[in-house]
Amino acid sequence: MANPIIRGFRGIARFSGRDTRGQFWPYAGVVFALIFLGFGIVMSLVMNSMFAEMQAFAVAHPEAATVQSSPGSYSIAIDASHPEAPMPDLGPFFAVMAAMALTAISLLAAAVSRRLHDSGRRAFWGLMPVPFLLLGVTAFPMIISQFMASDTPNLGLFFLLFFNNLLYLIALASLVILLALRGTRGPNRFGPEAV
């Protein structure tokens, strides 16, 4: 099959075999573009509802809100001590982040496996960044909740997330390097050379 993007989507559940760099990277690029596009659309809907709530509060309580508007700029500052001040619900934001991460992992898992097979590596190498990603997606909402609820935030959790994210970036960079390596010539233990 000549089109690597169609081939990638058709092989979404095929973890065996091999993919060349030319078969993998166009598909991966399209998957990332779709993920970012979907994330942008969903997040704009989530953020618009938050902004609408803040704007409604500013209209109902002008004494507790400052609205500034100019060409290309609009801001609302709300007095958080007001008893009816809206508190942003970041739950949908974090749910969208988690859903997009899981979608990306699901769409790329088989293709990453086949690409790693092409260079003679087991698919388990593709799991390197996943634990750090899952810990980050889980810990980030907890940190934000603690920062919003307490005057003395838990810096231990903050530094845990910081180092987790650093390890995630290292693992992700290592995986990208492995995916960019040339495949082995001829057959290997994962099958014949991909064409």
Side-chain angles (χ1 to χ4, degrees), residues 1-50 72 90-141 143-144 161-195:
M1 179 174 298
N3 189 327
I5 298 163
I6 293 171
R7 183 181 189 277
F9 281 109
R10 284 192 179 157
I12 205 160
R14 184 175 53 85
F15 287 81
S16 61
R18 297 167 59 176
D19 277 355
T20 65
R21 291 182 285 191
Q23 293 166 331
F24 173 77
W25 288 109
Y27 170 70
V30 166
V31 166
F32 278 112
L34 290 173
I35 293 294
F36 281 113
L37 180 65
F39 183 75
I41 290 169
V42 173
M43 286 313 301
S44 67
L45 296 173
V46 168
M47 296 305 283
N48 280 342
S49 69
M50 276 202 245
L90 297 177
F93 174 79
F94 295 124
V96 170
M97 273 182 34
M100 292 297 160
L102 290 174
T103 302
I105 290 169
S106 300
L107 291 174
L108 290 171
V112 166
S113 297
R114 292 189 307 268
R115 181 68 202 115
L116 289 168
H117 288 169
D118 193 46
S119 60
R121 289 177 178 75
R122 292 193 174 278
F124 290 111
W125 285 97
L127 296 175
M128 273 191 301
V130 173
F132 303 113
L133 176 65
L134 295 178
L135 179 62
V137 168
T138 305
F140 189 63
I143 288 177
I144 296 299
L161 184 63
F162 175 80
F163 288 117
N164 174 73
N165 290 347
L166 188 63
L167 291 173
Y168 168 72
L169 291 174
I170 292 168
L172 185 62
S174 300
L175 179 59
V176 168
I177 290 168
L178 291 177
L179 295 172
L181 294 176
R182 173 177 294 183
T184 55
R185 298 205 183 274
N188 66 17
R189 63 185 169 159
F190 299 106
E193 187 172 356
V195 242

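The aromatic rings of Phe140 and Phe94 stand perpendicular to each other, their planes meeting at an angle above 60°, with 30° marking the opposite boundary.
The main-chain N or O of Arg18 is never found under 3.5 Å from a side-chain atom of His117 such that the two would form a donor-acceptor pair.
Within the 4.5 Å cutoff, side-chain heavy atoms of Leu133 are placed close to those of Ile105. Side-chain atoms of Val137 and Leu134, non-hydrogen and from C-beta on, never get closer than 4.5 Å to each other. In this structure, the side chains of Leu116 and Phe124 stay at 4.5 Å or more apart for every pair of heavy atoms.
Between the CD1 atom of Ile143 and the OG1 atom of Thr138 there is a distance of 11.0 Å, given to the nearest 0.5 Å. In this structure, CZ in Arg21 is found 8.0 Å from CG in Leu181, a value given to the nearest 0.5 Å. Note: Ser113 OG to Asp118 CG = 12.5 Å, rounded to the nearest 0.5 Å. Once rounded to the nearest 0.5 Å, the distance linking CZ of Phe32 with CZ of Phe39 reads 14.0 Å. With rounding to the nearest 0.5 angstrom, the CG atom of Leu127 is 13.0 Å from the CZ atom of Arg122. Once rounded to the nearest 0.5 Å, the distance linking OH of Tyr27 with CZ of Arg114 reads 7.5 Å.
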Next on the checklist: For Phe132 and Ile170: C-alpha separation, side-chain torsions, deciding distance, then whether side-chain contact (heavy atoms from CB on, under 4.5 Å) applies.
Outcome noted: CA-CA 10 Å; Phe132 303 113; Ile170 292 168; over 6 Å; no
Next on the checklist: As a quick check of understanding, evaluate side-chain contact (heavy atoms from CB on, under 4.5 Å) for Phe9 and Val31, giving each step before the final call.
Outcome noted: CA-CA 9 Å; Phe9 281 109; Val31 166; 4.3 Å; yes
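Arg115 and Leu179 make their closest contact through NE-O, 2.8 Å (heavy atoms, listed as atom of the first residue, atom of the second, distance). Between Ser16 and Arg14 the shortest heavy-atom distance is O-NH1, 3.0 Å. The two residues Ala110 and Ile12 have their closest heavy-atom pair at CB-O, 3.3 Å. A pairwise comparison of heavy atoms in Pro129 and Gly126 identifies CD-O, 3.7 Å as the closest pair. Scanning all heavy atoms of the two residues, the minimum distance from Val42 to Met100 falls at CG2-CE, 4.4 Å. Contact detail for Ser49 and Val46: the closest heavy-atom pair is OG-O, 2.7 Å.
The neighbour count for Trp25 CH2, taken as heavy atoms of other residues, nucleotides or ligands under 6.0 Å away, is above 12. With a 6.0 Å radius and a threshold of 12 heavy atoms from other residues, nucleotides or ligands, Arg185 has its CZ atom at or below the threshold.
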